[in-house]
Amino acid sequence: MPDLCIEPMREEDLDDVLAIEKASFPNPWSRHAFLYELRENRVAALWVARPPVPGAPPPVLGYLCLWVVADEVHVTNLAVHPAHRCQGIGRHLLGELLRRYRGRGAVRAALEVRPSNAEARQLYEGFGFQAVGVRKGYYFDTGEDALVMEADLTRLAALEGP
Ligand SMILES: CC(C)(COP(=O)(O)OP(=O)(O)OC[C@H]1O[C@@H](n2cnc3c(N)ncnc32)[C@H](O)[C@@H]1OP(=O)(O)O)[C@@H](O)C(=O)NCCC(=O)NCCS
């Protein structure tokens with residue numbers, strides 16, 4: 001498991017975050033979209049992962065954004081810097097945050113994913129997410145449907161500690 005700090009995203013992180021976002025998605029969130037989530041959206045929580053170096057904050061390696069609505073966590077964004085993928089950072093971010101929100105009373109997690117995004121689907125399936133439906137034409141760039149996936153956090157063995 002990588003040694004990482006998972007901390008709330010700050011506005012000062014946005015240059016790092018936007019670079020990852022642009023490298024990760026055909027239709028990246030804009031700075032304005034992140035600022036709206038950070039400043040205005042009262043159900044939003046945005047988290048970053050960085051190496052635990054003392055002193056000035058080191059660069060962001062990945063981030064996960066979510067909404068908390070009643071007892072459900074909805075993952076709205078997740079990306080890892082392309083140079084740092086396949087090192088367990090995505091799994092660590094998702095697992096740690098699902099664990100934290102389960103500790104605060106969340107019982108279910110949901111998200112949308114492109115059916116063509118095999119890496120992300122494998123990551124989610126590893127945490128027990130299952131496809132529960134389809135949102136037709138959800139991705140306006142390609143017209144691709146979104147797969148809706150859900151996980152029952154109360155029964156998620158992948159969240160148990162060693
Ligand atoms: C999806 C993403 C966040 C995964 O992050 P990551 O740090 O590279 O993933 P991890 O190293 O933690 O891998 C965890 C699991 O994800 C799956 N996975 C990750 N990369 C994979 C790849 N290239 N091929 C197949 N499976 C992969 C595997 O199940 C892996 O478990 P394993 O190592 O036991 O095989 C990353 O690929 C990314 O940022 N992609 C672009 C943005 C994106 O698609 N976000 C999701 C939107 S829904």
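Whatever order the structure lists ligands and atoms in, that order sets their numbers, starting from 1. Note that the structure is predicted; figures quoted are calculated from it, not measured.
- Nearest protein heavy-atom neighbour of atom 44 (O) of ligand 1: N117 ND2, 2.6 Å.
- Look at G126 and you'll find every heavy atom at least 4.0 Å from all atoms of ligand 1.
- Of the protein's non-hydrogen atoms, the one nearest atom 16 (O) of ligand 1 is L123 CB, 3.4 Å.
- Between the side chain of T76 and the backbone N or O of C65, at least one donor-acceptor pair lies under 3.5 Å.
- Heavy atoms of other residues, nucleotides or ligands lying less than 6.0 angstrom from CD of Q130 number 12 at most.
- The single protein non-hydrogen atom nearest to atom 45 (N) of ligand 1 is L78 O, 2.8 Å, given as residue, atom name and distance.
- Ring-plane geometry between F34 and W29 is classed as tilted, the angle between the planes lying from 30 to 60 degrees on a 0 to 90 degree scale.
- The neighbour count for R155 CZ, taken as heavy atoms of other residues, nucleotides or ligands under 6.0 Å away, does not exceed 12.
- R42 forms no cation-pi arrangement with W67, by the criterion of a distance under 6.0 Å to the ring centre and an angle within 45° of the ring axis.
- Rounding to the nearest 0.5 Å gives a distance of 12.0 Å between CD of E112 and CG of D145.
- For atom 48 (S) of ligand 1, the candidate residues are F127, Y63, F25, Y124; the nearest heavy-atom contact is made by Y124.
- The single protein non-hydrogen atom nearest to atom 28 (C) of ligand 1 is Q122 OE1, 3.8 Å, given as residue, atom name and distance.
- L38 and V73 are members of different hydrophobic clusters when ILVMFWY side chains are connected at heavy-atom separations under 4.5 Å.
- For atom 2 (C) of ligand 1, the protein comes within 4.0 Å by no heavy atom at all.
- In this structure, a donor-acceptor pair under 3.5 Å is present between the side chains of R85 and S24.
- Annotation: atom 12 (O) of ligand 1 to nearest protein heavy atom, R91 N, 2.8 Å.
- Between atom 40 (N) of ligand 1 and the options E119, M149, R85, the minimum heavy-atom separation is to R85.
- There is a protein heavy atom closer than 4.0 angstrom to atom 7 (O) of ligand 1.
- When the heavy-atom distances from atom 11 (O) of ligand 1 to G62, G88, P28 are ranked, the shortest goes to G88.
- Scanning the protein for heavy atoms near atom 5 (O) of ligand 1, the closest one is V80 CG2, 3.6 Å.
- Protein heavy atoms are absent from the 4.0 Å sphere centred on atom 35 (O) of ligand 1.
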